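Just so it is clear, the model here is predicted, and its values are computed rather than measured.
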Amino acid sequence: MFQRFLKAHTAVNFKARSASRDTETDRARATSIFRSIEDALEGAKAEQAGLKARIDDALARSAVTLGNDSDEYLTRDPEDSHYQNLLGREIAEGQRRLNELEATIRHIQFLKTALVTRFPDFDFGHNTSHAKDSGAT
């Protein structure tokens, strides 16, 4: 009976792909994931750098309008106090987002490290060392 089953399917020849083709397919998939991680990491770092610059600018503007006398707040115009409050909220919100970005960047770097260590035979074209990637930015 088994021979009849084999004879019925002899017209369809099953061939598995070569091992090198399988490896290339797997490499292409893993490289796609690696590139996505790299893009996400670059985007988060760019956002972080831009936000740091905007916070520094807000701090500088705040310092200018704050004055340097110890009792400056007693004679400050209400409009200046209003702008101080606005800048304070901007700075606090920016610091909150910077903290979130720092955690996000660490998580994305973890994903990158996990991918590279799970596929040690694949060259993803990354030239950065693991020590550099895992450091704080």
- request: Step through the shown structure and confirm whether more than 12 heavy atoms of other residues, nucleotides or ligands are within 6.0 Å of CZ on R17.
  value: yes
statement: Heavy-atom nearest pair, T117 first then P120, reads O-CD, 3.4 Å
message: Same cluster or not: L111 versus F119, using hydrophobic residues (I, L, V, M, F, W, Y) connected whenever any side-chain heavy atoms lie under 4.5 Å apart?
response: yes
Distance-minimising heavy-atom pair for L115 and A30: CD2-O, 3.7 Å
task: State the CD1-CD distance between I108 and E42, to the nearest 0.5 angstrom.
output: 11.0 Å
field: Side chains of V116 and F34 in contact at under 4.5 Å (non-hydrogen atoms)
entry: yes
query: Which value, rounded to the nearest 0.5 Å, describes the distance between T104 atom OG1 and E47 atom CD?
result: 8.5 Å
field: Rounded distance [0.5 Å steps], CD in E100 versus CG in L51
entry: 10.0 Å
task: Scan for side-chain hydrogen bond (donor to acceptor under 3.5 Å, both in side chains) pairs involving residues 25-37, sequence neighbours excluded, and state none if there are none.
output: E24-R27
- prompt: Given E90, which of R61, R54, R96, R97 fulfils the salt bridge (charged side-chain N to carboxylate O under 4.0 Å, His left out) condition?
  reply: R61
message: What I'd like to find out is whether the side chain of R89 reaches to under 4.5 Å of the side chain of L86, using heavy atoms alone.
response: yes
query: With the 4.5 Å side-chain cut-off for hydrophobic clustering, are F110 and L101 part of the same group?
result: no
message: Let me confirm one number: the CD1-CD distance from I105 to Q48, rounded to the nearest 0.5 Å.
response: 4.0 Å
- request: List in chain and number order the residues that pass side-chain contact (heavy atoms from CB on, under 4.5 Å) with L59, two or more places apart in sequence or in another chain; answer none if no residue qualifies.
  value: I55, D56, I91
